[in-house]
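Worksheet for the structure shown next.
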2 protein chains.
Amino acid sequence: MHADYLWTAAPLIVSAPMAKVAMPKLAAAVSKAGGLGFIAAGYHSDHLEDLLQEAEDLLQEGTAETPIKVEEGTPKFLPVGVGFITWSASLEKALPSFSRYCPAAVWLFAPPQGFRDLIPWATRIREATACRTKIWVQVGSVSDAVEVVEAIDPDVIVVQGLDAGGHSLARGASIISLVPEIKDKLQELRPFPQKQIDVFAAGGISDSRGVAAAVALGAHGCVLGTRFLASPESLVAHGYQKALLDASDGGTSTVRTKIYDKVRDIHGWPEGYDGRGLINRTFIDHLNGLSEVKNREMYREELKRGDEGYGVNGRLTTYAGTGVGLIREVIPAGDIVKSLREGARALLYGPHNVSKL
Amino acid sequence: MHADYLWTAAPLIVSAPMAKVAMPKLAAAVSKAGGLGFIAAGYHSDHLEDLLQEAEDLLQEGTAETPIKVEEGTPKFLPVGVGFITWSASLEKALPSFSRYCPAAVWLFAPPQGFRDLIPWATRIREATACRTKIWVQVGSVSDAVEVVEAIDPDVIVVQGLDAGGHSLARGASIISLVPEIKDKLQELRPFPQKQIDVFAAGGISDSRGVAAAVALGAHGCVLGTRFLASPESLVAHGYQKALLDASDGGTSTVRTKIYDKVRDIHGWPEGYDGRGLINRTFIDHLNGLSEVKNREMYREELKRGDEGYGVNGRLTTYAGTGVGLIREVIPAGDIVKSLREGARALLYGPHNVSKL
C-alpha cells in the first residue's frame with residue numbers, strides 16, 4: 001500500500017469522493033496531510049480535466065511536512081484519487097484525462113447491473129495509466145466483494161457499512177462484521193495471492209476511536225465522508241455544516257431513505273440503493289403521507305432559503321452518517337487527517353493504549 | 001469492574017440473556033471460563049428460583065482454571081447474571097429469588113414506556129442484595145443512555161448496535177459510532193463520577209477482531225449472542241444451529257422485521273422495537289404480500305417439521321445478528337470465551353499486533 005502512495009502514513013486516512021462536495025481543494029488538503037483525498041467526478045465526468053488541473057495546481061504548492069509531489073511526465077502522476085458513480089458517469093469522457101493526469105487511484109461505485117460492468121473501466125484505465133492508477137471498488141456485502149474480485153481483481157476494496165452517510169446499500173451490516181467476513185472471504189478466494197487486495201473500512205467512522213477499531217478489524221485504512229464535510233475545504237453550504245454540528249445521537253437523527261433523491265429529481269440509482277441523511281421536514285412529511293409531487297415542490301421552494309433551509313426544521317437534503325453526533329467543530333481537512341492518524345496510533349500502540357483495561 | 005467480578009479476566013466476554021435459549025448451562029459455562037454468563041428470565045420470571053438453583057449446582061462443580069465460586073450466605077452470591085424483558089417480566093415474582101441467590105448482575109431491557117419504569121427494579125433489587133447485584137441496562141441510542149443514567153444511575157450500560165440479532169431498536173447506529181458517542185455523553189453528564197459506569201458493546205461481534213474493535217472504541221467488554229447460540233450449551237434446536245452455520249454474508253442474509261414476532265403471536269414489544277433474524281420463507285412470503293393470518297398458520301404447521309423447519313427454505317424463526325457469517329462451527333461456550341479473549345489480547349497487545357500496518 002505505502003509503496004503505491006509514498007507520501008502517506010499509516011493508518012491511511014482517506015476522504016470519500018462525495019458527489020458535488022469533494023472537490024480538488026478537499027482532496028489536495030487530505031493528501032498533503034499524508035492521507036489520500038478523492039475528487040468526486042460524481043454523476044458525470046464533464047469537467048474532469050479542469051478538476052485534475054486544479055488539483056495539480058494546489059498540489060504544486062508544497063508542504064514542509066510530507067514528501068508529496070506531482071510527478072511530471074506523460075502522464076503526470078497526481079497524488080489524489082478520482083471517484084465515479086458508474087451507473088451514471090461516462091468512461092469515454094473520463095479516459096483522456098487519465099492519459100494526461102494519472103491519478104493515484106480511481107474509485108468505482110454502484111455499477112448499473114453488477115460488478116462485471118466495471119470490466120471496461122478497469123481494463124481501459126489500467127491501459128491508459130500502465131496500471132499506476134490503482135483500482136478501488138466500493139462494496140456493501142460479501143457477495144459484492146466476491147463479484148468484484150472475480151470480475152476485475154481490484155487493488156483495493158472499500159467495505160462500506162450501513163452506518164455510512166449518502167448513498168449505499170439499503171440493507172447490510174456495519175463494518176464490525178462486514179470487514180472481518182470480507183477479509184476471510186478474500187483469504188479463501190485467493191490463498192496465494194500474487195498481489196494483496198487491501199481492504200478499507202467506511203461507514204460510521206468519525207474519530208480516532210473508529211479508526212483504531214477499523215484497524216483492529218483488519219482494515220488497512222479508513223474512509224471518512226461526513227467528518228470531512230465539516231471542514232472549510234468541502235463545498236457544502238454553511239447551513240449544511242451547521243446542521244451537522246447541531247446533530248447528535250447519529251443513529252436516531254439520521255435515516256436511510258429514497259425520499260431525498262426523489263425530491264431532488266435524482267433517478268437511476270440501481271435497485272437496492274438508498275441514502276442516509278439527517279431527518280428533516282422532507283422525511284417527516286413523507287412519513288406522514290405527503291405526496292412526492294408536493295414534497296418536491298416544497299423542496300424547490302426551500303432552496304430559496306439558502307442556509308436557512310437546512311436542519312431538523314428545514315427541507316434541504318443533508319446526507320450524513322451515524323458518526324455525525326461525534327462531530328463538534330469545523331476544522332481544516334489536514335488537521336482532521338493528522339488527528340485521526342495520531343489518535344488511532346496512540347490508542348493502538350501508545351504507552352496508555354487500550355490495555356488500560 | 002474486575003473488583004465486582006473477581007473470577008473474570010479482561011476484556012470481559014459476556015453471553016447475552018437470550019430469551020428461552022440462554023439457560024443456566026450456558027451461563028455457568030461462560031462464567032467458568034472467566035466471562036460473565038447471563039441466564040434469561042426472559043418474558044416472565046416464573047421459574048427464576050429453579051434456574052438459579054440449577055446455576056448454583058453447575059457452578060459448584062469447580063474448575064481448576066478460574067477462581068470462580070458460589071459464596072454461601074444470605075443471600076448467596078452467584079457468579080452469573082439474570083436478564084429480564086421488563087415490559088413483560090414481573091419484578092414482584094423475581095424479588096424473592098434475589099433475596100436468596102444474589103446474582104452478580106441483573107440485565108434490564110425494554111421498559112414499556114421509558115427508562116423511569118426501571119426505578120422500582122433498580123431500587124428494590126439493590127435493597128434485596130445490598131447493592132451486590134450490579135444493575136446492567138441495555139440501550140440502543142444516546143438518548144436512551146441519558147435517560148437511564150438520570151433515572152437509575154446504572155452500574156453498566158450495554159450499548160447495542162443495529163447489527164444485533166433478536167430484539168432491539170429498529171433504527172439506530174452500529175457500535176462504531178454509538179459506543180464513542182455514548183462514552184462522550186457519559187463524560188459530559190458525569191464529569192466527576194463517584195463511581196464509573198462501565199460500557200459494554202453488543203451487536204455484530206462474533207470473533208476476536210470484533211472484540212478488539214470494541215475495546216478500541218472504548219468499551220470495557222463485549223456481549224455476544226449469536227456466537228453463543230452455536231455452542232452445545234445453548235438451548236436452540238440443531239436445525240437452528242445448522243441454519244447459523246449455513247448462513248453467510250450476514251448483512252444480506254438477515255433482516256430487521258416485526259413479522260417473526262407476529263407469526264409466533266408475540267405482542268407487546270414497546271414502540272420502535274423489532275428483531276433481526278435470518279431471512280426465510282416467513283419473511284419472503286410476507287414481502288410478497290401473504291397475510292399475517294395465513295403466515296401464522298403456516299408457521300404453526302412448520303413447527304411439526306422440527307429441525308427441518310429452519311433455514312432459508314424453512315419458516316421457523318432464526319434470530320441472528322450480522323456476525324452470523326463469521327460462525328463456522330459449534331464449539332463449547334467456554335472455548336468461545338477463551339478464544340475471544342486471547343485473540344483480542346493478541347491483536348491489541350501481542351508481539352504481532354495490529355501495528356503490522
Side-chain angles (χ1 to χ4, degrees), chain A residues 1-2 10-12 140-144 146 161-163 169 171-181 183-185 201 203-207 209-218 220-221 248-252 254-256 321-326 344-345 347-349 353-355 357, chain B residues 1-2 10-12 140-144 146 161-163 169 171-181 183-185 201 203-207 209-218 220-221 248-252 254-256 321-326 344-345 347-349 353-355 357:
Chain A
M1 171 55 58
H2 185 62
L12 181 46
S141 68
V142 180
S143 65
D144 275 6
V146 172
L162 84 173
D163 290 292
L169 291 186
R171 285 205 309 108
S174 82
I175 58 172
I176 283 286
S177 52
L178 197 53
V179 165
E181 199 181 345
K183 291 270 295 182
D184 290 353
K185 182 55 80 173
I205 305 170
S206 277
D207 68 5
R209 291 168 290 189
V211 175
V215 171
L217 290 167
H220 298 91
S248 62
D249 212 351
T252 54
T254 65
V255 68
R256 305 205 64 95
T322 65
V324 68
L326 289 161
R345 295 188 73 83
L347 278 173
L348 292 168
Y349 326 126
N353 83 346
V354 287
S355 66
L357 274 182
Chain B
M1 170 57 57
H2 186 62
L12 180 46
S141 68
V142 179
S143 65
D144 276 6
V146 172
L162 84 174
D163 290 292
L169 291 187
R171 285 205 308 108
S174 82
I175 58 172
I176 282 286
S177 53
L178 197 53
V179 166
E181 199 181 345
K183 292 270 293 183
D184 290 352
K185 182 56 81 174
I205 304 170
S206 277
D207 69 5
R209 292 169 289 189
V211 175
V215 171
L217 290 167
H220 299 91
S248 62
D249 212 351
T252 54
T254 65
V255 69
R256 305 205 65 94
T322 64
V324 68
L326 289 161
R345 294 189 71 84
L347 278 173
L348 291 168
Y349 326 126
N353 82 346
V354 285
S355 67
L357 275 184

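Keep in mind that what you see is a predicted model, and the values were worked out from it rather than measured. Below, read A as the first sequence line, B as the second, and so on, with proteins coming before strands; counting in each chain starts at 1.
One distance of note links CZ of B/Arg209 with NZ of A/Lys183; it measures 8.0 Å at 0.5 Å rounding. B/Ser174 OG to A/Ile176 CD1: the interatomic distance, rounded to the nearest 0.5 Å, is 6.0 Å.
Contacts of B/Lys185 with chain A are absent, with no heavy-atom separation under 4.5 Å from either backbone or side chain. Heavy atoms of B/Ile175 lying under 4.5 Å from chain A belong exclusively to its side chain.
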Worked verdict on A/Thr322 versus B/Leu178 for side chain to side chain contact (heavy atoms under 4.5 Å, CB included): CA-CA 8 Å; A/Thr322 65; B/Leu178 197 53; over 6 Å; no

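Looking only at heavy-atom pairs under 4.5 Å with chain A, the residue among B/Thr254, B/Leu169, B/Thr252, B/Val146 that has the most is B/Thr252. Your options are B/Ser206, B/Gly323, B/Ala213, B/Ser143, and the one with the most heavy-atom pairs under 4.5 Å with chain A is B/Ala213. Chain B forms the most heavy-atom pairs under 4.5 Å with one residue out of A/Asp144, A/Val179, A/Val255, A/Val211, and that residue is A/Val255. Put simply, of B/Gly204, B/Gly203, B/Gly210, the one with the most heavy-atom pairs under 4.5 Å next to chain A is B/Gly204. No other option in A/Ile205, A/Asp163, A/Leu162, A/Asp249 has as many heavy-atom pairs under 4.5 Å with chain B as A/Asp249.
Counting heavy atoms from C-beta on, the side chains of A/Asp207 and B/Pro180 come closer than 4.5 Å.
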